[in-house]
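Following: one structure in structure tokens, then a few remarks.
Quantities reported herein were computed from a predicted structural model and do not represent experimental measurements. Order of listing sets the numbers, starting from 1, for every ligand and every atom in it.
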Amino acid sequence: MSARSETADPGKVSDDFVTIVEVGPRDGLQNERQIIPLEVKLSLIHRLNRTGLKVIELTGFVHPLWVPQLADAEKFMQGFKRQEDIRYPVLVPNLIGLERALSVGADEIAVFTAASEPFNQKNINCSIDESIARFKPVLDAAKSRGMRVRGYVSCALGCPFQGSVPVADVVQVATRLADIGCDEISLGDTIGVGTPLHAKRMLAAVSSEIEIQRLAVHFHNTYGQALANILACLELGVRTVDASVGGLGGCPYAPGASGNVPSEDVVYMLRGMGLETGIDLEALVDAGRFISDALGRTNASSVGRAFKSDKKLGSKHGYQIG
Ligand code: HMG
Ligand code: MG
């Protein structure tokens, strides 16, 4: 059954505006072994709040034993300062997660499943069918409260356990998420193995069933292909891109996966293409530098490193600062 509908977000129709969904605080930090102090997480949000980002995924109400780094989700939600013009989705795997999220004022959620059975079993301990059945009451409850819901499809370009993933499987899972009411579907290259033609082929197939305005791309950067994959998908018309400041990220249940595409690098590329994001790149670089330093790690964003060595480098090469 086609998931096409007339419900696409009218705020996303402008062809020269790209919405960056900053997933650093959730995807970026969830894989860190050392528990990061709450003040550091809150300080990161404080900096991200000042960048012009429109969407920041905050945390996840997953089982604290499965992802210990996010065990502070409630405290985090109670501690951060909400800004009216920013949306703050949180990850929710089931009804228990939804109840926890609602109890601390979450007003937008994301559910997550995969196009690969073995990955789903490792990540959320159930089959794809079971995950959809689990999400249905979550969607119903969220929708009855007027909440916006995103659905993730992991392993859209490959799986750490099964290897290649047929495009038809991605289309099927994405369509099922759209059919149960997800407003937006984020297509994830969880382990960062995809290349541009594959990404384009996958997106073309999914967008033949679901309007491109309802689709987002979520590329990890393990093989350094994420920017190229994003460019290929922009050419097909996608205008929502997930990214992580400082290139942080990874999934604890996706062995070998590295961070998400760095938000700074995406914004720099989009500016160079004349695509607007509303984001102040210098403020974003500042946030990436802050969290990289706090974690004692080299900034994985090329733009972040280049700005550090020469603040004007970007402008010399075409990017207009300020
Ligand atoms: P389970 O063990 O199958 O859960 O875990 P269960 O329903 O059988 O319940 C077992 C116990 O857990 C019960 O407690 C529940 O109450 C409790 P008991 O009765 O034994 O005392 N429980 C919970 N507690 C707190 N919060 C909850 C919750 N749910 C049940 N929400 C579950 C299933 C989904 C919970 C678990 O597998 C889990 O938390 N997995 C999360 C894994 C994860 O977070 N992975 C990373 C995010 S996905 C990702 O990064 C990919 C993405 O970025 C896109 C991409 O890159 O592709 C999104
Ligand atoms: Mg991810």
**OP:** Could you check atom 52 (C) of ligand 1 against the protein and tell me its nearest heavy-atom contact, residue, atom and distance included?
**Re:** Arg26 NH2, 3.8 Å
**OP:** Tell me, please, if Asp242 has any N/O/S atom, main chain or side chain, under 2.8 Å from the Mg ion (ligand 2)?
**Re:** no
Original post:
Out of curiosity, is Val92 lining ligand 1, as in a heavy atom under 4.0 Å away?
Top reply: no
**OP:** With the Mg ion (ligand 2) as the reference point, give the N/O/S atom of Asp27 that is nearest.
**Re:** OD2
Subject >> Nearest non-hydrogen protein atom, atom 45 (N) of ligand 1 >> reply: Asn123 OD1, 2.8 Å
Original post:
Hey, are Arg26 and Asp242 close enough for a salt bridge, meaning a charged N less than 4.0 Å from a carboxylate O?
Top reply: no
**OP:** Determine whether Val173 and Phe161 fall in the same hydrophobic cluster, where Ile, Leu, Val, Met, Phe, Trp and Tyr are linked whenever their side-chain heavy atoms lie under 4.5 Å apart.
**Re:** no
Subject >> Closest protein heavy atom (residue, atom, distance) for atom 34 (C) of ligand 1 >> reply: Pro93 CB, 3.6 Å
**OP:** Identify, for atom 3 (O) of ligand 1, the protein heavy atom at the shortest distance, and state residue, atom and that distance.
**Re:** Asn125 ND2, 2.8 Å
Original post:
For Arg134 and ligand 1, does the shortest N/O to N/O distance drop below 3.5 Å?
Top reply: no
Subject >> Test: Arg82 cationic atom under 6.0 Å from Phe80 six-membered ring centre, within 45° of axis >> reply: no
**OP:** Flag the pair Glu32 and Arg297 as a salt bridge only when some basic side-chain nitrogen lies within less than 4.0 angstrom of an acidic carboxylate oxygen.
**Re:** yes
